[in-house]
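Counting starts at 1 for both ligands and their atoms, following the listed order. None of these values were measured; they are calculated from a predicted model.
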Amino acid sequence: MSYFREVINFMEEYIPGEQPEEEGYIKLNTNENPYPPSPLVEEKIKEALSEGRISLYPPPLGGKLREKAQEVYGLPRDWIAVGNGSDELLNLLFRLFLGKGDRVAYPFPTYTLYRTLAFLQEAEREEIPFPPDFSLPDSFLGCSAKLKVVSNPNSPTGTFLSLSQIEKLLSLSSCPVIVDEAYVDFAPYSVFSLLQDFPNLIIVRTLSKSFSLAGLRVGLLFASPDIVRGILKIKDSYNVGILPQVGGAAALEDIEYMKKNVEKIKSTREWFSEEMRQLGFLVYPSQANFIMVKKERRDLKFLYEELKRRKILIRYFPEWPDSLRITIGKEKEMKILLAAIQEIIEGVNV
Ligand SMILES: Cc1ncc(COP(=O)(O)O)c(C=O)c1O
């Protein structure tokens with residue numbers, strides 16, 4: 001007997017990447033940034049602590065964080081909402097648009113949280129397979145749904161959709177379209193320029209990846225004022241704590257610092273992708289801070305497990321056993337990983 005709603009008993013739960021308690025791992029499994037955030041983040045957080053700001057509730061709409069986002073991204077404030085990580089914003093959007101039996105469509109494979117959120121709403125899921133070139137499937141462009149979602153760059157593949165493909169999607173869709181740009185700072189461009197022309201476009205961003213703030217939990221949403229009003233109506237009053245607000249605003253203020261880290265990661269990504277190709281893996285072209293490597297029709301669990309034994313964590317998804325997702329760390333870490341992979345697969349028929 002369970003007191004839960006029936007859907008909760010049958011729901012597949014979202015399994016986040018491991019966060020080991022023990023020290024000493026090279027952690028390349030959850031797409032965090034290997035470089036620390038701007039020193040301004042620590043400075044501003046210390047200042048907020050010394051001013052006693054944690055005794056008071058935080059500004060409900062994001063205070064300085066929302067102001068900074070307005071300044072950096074050049075949008076009026078009523079086009080912006082802030083969240084406790086972008087996961088919270090995605091959750092709020094699914095709750096805003098989907099009721100029982102409503103249809104949500106997204107190309108697949110993608111971020112599996114969309115599936116969990118759909119389950120929670122008892123929504124119908126239309127998971128449309130990407131074609132081999134990872135462009136948008138025609139049946140996704142044209143389908144009717146209450147909500148469409150694309151992750152761009154996509155996780156777990158790292159593949160990237162062009163502006164014209166997203167523009168086509170927005171023109172052909174009469175429903176809201178979420179473009180999840182969690183990794184966009186590692187890519188050539190955002191779909192930001194389409195916001196004014198397409199009132200159905202919702203962009204969700206995070207400070208967890210490029211800005212190195214995964215532990216603070218800061219997400220940003222950009223959409224027309226009507227949609228932002230909907231989010232403000234249903235969110236918790238104080239959904240983002242004062243330290244994430246202050247730290248997030250400081251990170252946005254020092255955007256040049258973030259850009260330098262991103263450039264280092266991009267160059268490590270290109271070098272490491274080539275090395276993995278040399279080792280005979282298929283490597284999807286990535287515009288994110290991770291890559292997906294594949295060996296057709298092989299189960300790569302042994303490689304994941306052996307690396308874990310050596311205290312190197314990468315991501316293995318049982319749903320795609322022939323593939324592994326590897327976060328791009330510091331060059332030194334990637335060299336250790338590469339040597340370990342070489343050693344493990346030597347003499348093994350993979
Ligand atoms: C595609 C995608 N969207 C959103 C998120 C969530 O990020 P946040 O830390 O802001 O909740 C992730 C995290 O891995 C992600 O991969």
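- In this structure a side-chain-to-backbone donor-acceptor pair under 3.5 Å is present from S50 to E47.
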Could you list, one pair per line, each nitrogen or oxygen of ligand 1 together with any protein nitrogen or oxygen closer than 3.5 Å, giving atom names and the distance rounded to 0.1 Å?
residue, atom, partner, partner atom, Å
ligand 1, 3 (N), D180, OD1, 3.3
ligand 1, 3 (N), D180, OD2, 2.7
ligand 1, 7 (O), S86, OG, 3.1
ligand 1, 9 (O), S208, OG, 2.6
ligand 1, 9 (O), R217, NH1, 2.7
ligand 1, 10 (O), S86, N, 2.6
ligand 1, 10 (O), S86, OG, 2.8
ligand 1, 10 (O), T206, OG1, 2.5
ligand 1, 10 (O), S208, OG, 3.4
ligand 1, 11 (O), S86, N, 3.3
ligand 1, 11 (O), D87, N, 3.0
ligand 1, 11 (O), R217, NH2, 2.7
ligand 1, 14 (O), Y183, OH, 3.3
ligand 1, 14 (O), K209, NZ, 2.9
ligand 1, 16 (O), Y183, OH, 2.7

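- To the nearest 0.5 Å, atom OG1 of residue T206 and atom CG of residue L221 are 12.5 Å apart.
- Aromatic rings of Y114 and Y111 (six-membered ring for Trp) have centroids within the 6.0 Å cut-off, being under it.
- Side-chain atoms of K27 and Q19 include a donor-acceptor pair closer than 3.5 Å.
- Two rings, from F160 and Y189, have their centers less than 6.0 Å apart.
- Between R277 and E274 a salt bridge is recorded (basic side-chain N to carboxylate O distance below 4.0 Å).
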